[in-house]
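In what follows, a single structure is set out as structure tokens and then discussed.
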Amino acid sequence: MQDRLEKIVSLSKRRGFIFPSSEIYGGLAAVYDYGPLGVELKRNVQQRWWEAMVYEHENIVGLDAAILMHPMVWKASGHVDAFNDPLIDDRQSKRRYRADQLIEDYIEKLRAKGETQRAEALHQRLIAALNADDMPRALYQIIMDERIPSPDSGAFDWTEVRQFNLMFVTHVGPVASEETKVYLRPETAQGIFVNFHNVKDSSRLQIPFGIAQIGKAFRNEIVARQFIFRMREFEQMEMQYFVRPGTQMEAFEAWKEKRLQWHIENGIRPDHLRFHVHEKLAHYADAAVDIQYRFPMGWQEVEGIHSRTDYDLRRHQEFSGKKMEYFDPQTQERYIPYVVETSAGLDRTILMLLCEAYDEEEVEGETRVVLRLHPRLAPIKVAVLPLVRKDGMPERAQALARELRPFLNTFYDEKGAIGRRYRRMDEVGTPFCVTIDSQTLEDGTVTVRDRDTMQQVRIHETQVLAYIKERLQQWKPVHA
RNA sequence: GCGGGAGUAGCUCAGUGGUAGAGCAUCAGCCUUCCAAGCUGAGGGUCGCGGGUUCGAGUCCCGUCUCCCGCUCCA
């Protein structure tokens, strides 16, 4: 199975889907670039999502908020605290702990043993340490002074306490100081929350309504791995749905099903998808479920559906002093709306689609590699190929390609044997290959080859566009 | 961040101290009338990067970066 992921990584590089960032300088960990075909696939996925969310719902509108935001946003959201963990490693067991957690557990142990006084003193010291300027150093000193052993190995062989800040920091203005510090957003959601009134008022929306957004987010992950699954710079497709308090579970259930269905419509087998219920809820949520996909490396999250309560809007109301309430003209009620969020990882969706689409099959003793992507998502929609490079076939083929280009991403190729050209197109998921042969020169008919079945039909060249458009609409995945 | 493994042509890899290679891919030409055919030729590598040992390093040593696996973390 791991083998499969490697093949996909290799294909991505070879055919121009995904490259490691800054590769000529040795790469930058967990950052990737989309190549010529990758960017087509990515744009098609974004387009599908936007259509499904914004165009197909009269009460959902779009937004494109800035990556840089006022630093108070992240204090209000809880990211400044939650994304700052003091961590320490046990050199013996190779396990990592949160230093403050380690001390707290130790205090609990003292209490259990009846050493109340010592526990209380230590507790005071812990609080002081957490508020110290050099918090990691202060925590480290406690662990050293108390000789707190590792809970697993019992060893006393610690590394230094290190601060892991998952938010990227940069500075506004030419001088870098504490006052000019801003963050690259670690999630896109806050851009929607802070614009709640702007969007509602300018769009004359009434609850329930949603705001959708596609954009980059940044997390300085400690461990980032598995190709584009966990990246430091990644893209989210998310929608925040604002509802009347008390109706959130209804919306939550509805969006769960809608979002699962979206992935299935994109060609993902239903048995490769599942819901994974969060057992431990985040501080802001009253319900949370992940849509997981069976990746080669195991079941992993692709999209989260979270019932975020009124946490975010309430916090922004507290921190900004601005009212985040909604006045319901029907019921004459005033309340802070509850929020149901659907948040999909765009890059993870791409990886899922590649994993799902990648297929190898034996054809007359040769291995055929084919990306069975949904035609609507395929980077190239149609290839136009002269059977041989003579008798005016190339000219005829180029004329057809020119006609198709304004409507479909069209690829023209006349080099080498026809079989090789077909297989190249299979490998990048091109659903249709139109071939100009000697019969075309006589009666104007061409063959259209289907990527999945390798079957050909013969139609008139003037009908190619209509035929392909119809097939794009009707396409059903092999498993359906 | 810790431990283990790896990094040589676009891809997959061989090369165990003595002139950098193969297959596939790419490009050009020839040939080719439907599924990676053939022939001829070409381009492409300071062997991840930096230092050291040596007369001589892809090969040995140190450092560093990146990737993979495990641990850890994960809104």
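Values below: all heavy atoms of this structure, side chains included; hydrogens, waters and symmetry mates excluded. Order of the sequence lines fixes the chain letters, A, B, ..., with proteins taken first and strands second; residue numbering starts at 1 for each chain.
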Report all interatomic pairs (protein N or O, nucleotide N or O of nucleotides 44-50 of chain B) with separations under 3.5 Å.
none

B:C35 base to A:R449 side chain: any donor-acceptor pair below 3.5 Å?
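A donor-acceptor contact between them is present.
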
Without decimals, in angstroms, what is the distance between [X] [atom1] and [N] [atom2]?
X: A:E414; N: B:C31; atom1: CD; atom2: P; result: 15 Å
X: A:Q456; N: B:U33; atom1: CD; atom2: P; result: 16 Å
X: A:F227; N: B:U66; atom1: CZ; atom2: P; result: 17 Å
X: A:R451; N: B:C35; atom1: CZ; atom2: P; result: 20 Å
X: A:Y422; N: B:C35; atom1: OH; atom2: P; result: 9 Å
X: A:L385; N: B:U32; atom1: CG; atom2: P; result: 20 Å
X: A:R232; N: B:C74; atom1: CZ; atom2: C1'; result: 13 Å
X: A:E442; N: B:U33; atom1: CD; atom2: P; result: 15 Å

Roughly how many Å apart are [M] and [N], using the [atom1] atom of each and rounding to a whole number?
N: B:U46; M: B:A57; atom1: C1'; result: 13 Å
N: B:A22; M: B:C61; atom1: P; result: 28 Å
N: B:G58; M: B:C47; atom1: P; result: 6 Å
N: B:G23; M: B:G41; atom1: P; result: 13 Å
N: B:C74; M: B:G5; atom1: C1'; result: 25 Å
N: B:C65; M: B:C24; atom1: P; result: 39 Å
N: B:C35; M: B:C49; atom1: P; result: 44 Å
N: B:A20; M: B:G63; atom1: C1'; result: 26 Å

Under a 3.5 Å cut-off for both contacts, is [N] paired Watson-Crick or G-U wobble with anything, and if yes, with which nucleotide?
N: B:U64; value: B:G48
N: B:G70; value: B:C2
N: B:C30; value: B:G38
N: B:U53; value: none
N: B:G23; value: B:C11

Which residue lies toward the 5' end of RNA chain B, A:K390 or A:D450, if each is placed at its nearest nucleotide?
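The answer here is A:K390.
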
Between A:E238 (side chain only) and A:I214 (backbone N and O only), is there a donor and an acceptor less than 3.5 Å apart?
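It does not hold such a pair.
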
Could you check whether [Y] and [X], counting side-chain N and O atoms only, form a donor-acceptor pair closer than 3.5 Å?
X: A:E362; Y: A:T367; value: yes
X: A:Y412; Y: A:E414; value: yes
X: A:Q456; Y: A:D450; value: no
X: A:D286; Y: A:T309; value: no

Take a 6.0 Å sphere around CD of A:Q439 and say whether it holds more than 12 heavy atoms from other residues, nucleotides or ligands.
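Counting other residues, nucleotides and ligands, CD of A:Q439 exceeds 12 neighbours.
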
So among A:R259, A:K256, A:R348, which one has a salt bridge (Lys or Arg N to Asp or Glu O under 4.0 Å) with A:E303?
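Result: among A:R259, A:K256, A:R348, A:R259 is the only option passing the salt bridge (Lys or Arg N to Asp or Glu O under 4.0 Å) with A:E303.
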
Give a yes or no on whether the ring-centroid distance for [X] and [Y] is below 6.0 angstrom.
X: A:H276; Y: A:W299; result: no
X: A:W255; Y: A:Y241; result: yes
X: A:F17; Y: A:Y34; result: no

Can you check whether A:K7 has a side-chain N or O nearer than 4.0 Å to OP1 or OP2 of B:U12?
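For B:U12, neither OP1 nor OP2 has a side-chain N or O of A:K7 closer than 4.0 Å.
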
Pick from A:F234, A:Y32, A:F295: which one makes a ring pair (Phe, Tyr, Trp, His ring centres under 6.0 Å) with A:F229?
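The passing option is A:F295.
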
From [options], nucleotide with atom closest to [X] side chain:
X: A:K415; options: B:G10, B:C34, B:A28; answer: B:A28
X: A:K13; options: B:C34, B:U33, B:C11; answer: B:C11
X: A:R230; options: B:C67, B:C35, B:C74; answer: B:C74

Nucleotides 36-40 of chain B: which of its N/O atoms have a protein N/O under 3.5 Å away?
{"from": "B:A37", "atom 1": "OP1", "to": "A:R420", "atom 2": "NH2", "distance (Å)": "2.4"}

Classify [X] by what it touches in the nucleic acid, base, sugar-phosphate, or nothing, heavy-atom distance under 4.0 Å.
X: A:S10; value: sugar-phosphate
X: A:Q439; value: nothing
X: A:D426; value: nothing

Any side-chain heavy-atom pair of A:M69 and A:V194 under 4.5 Å
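They are in contact (side-chain heavy atoms under 4.5 Å apart), so the answer is yes.
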
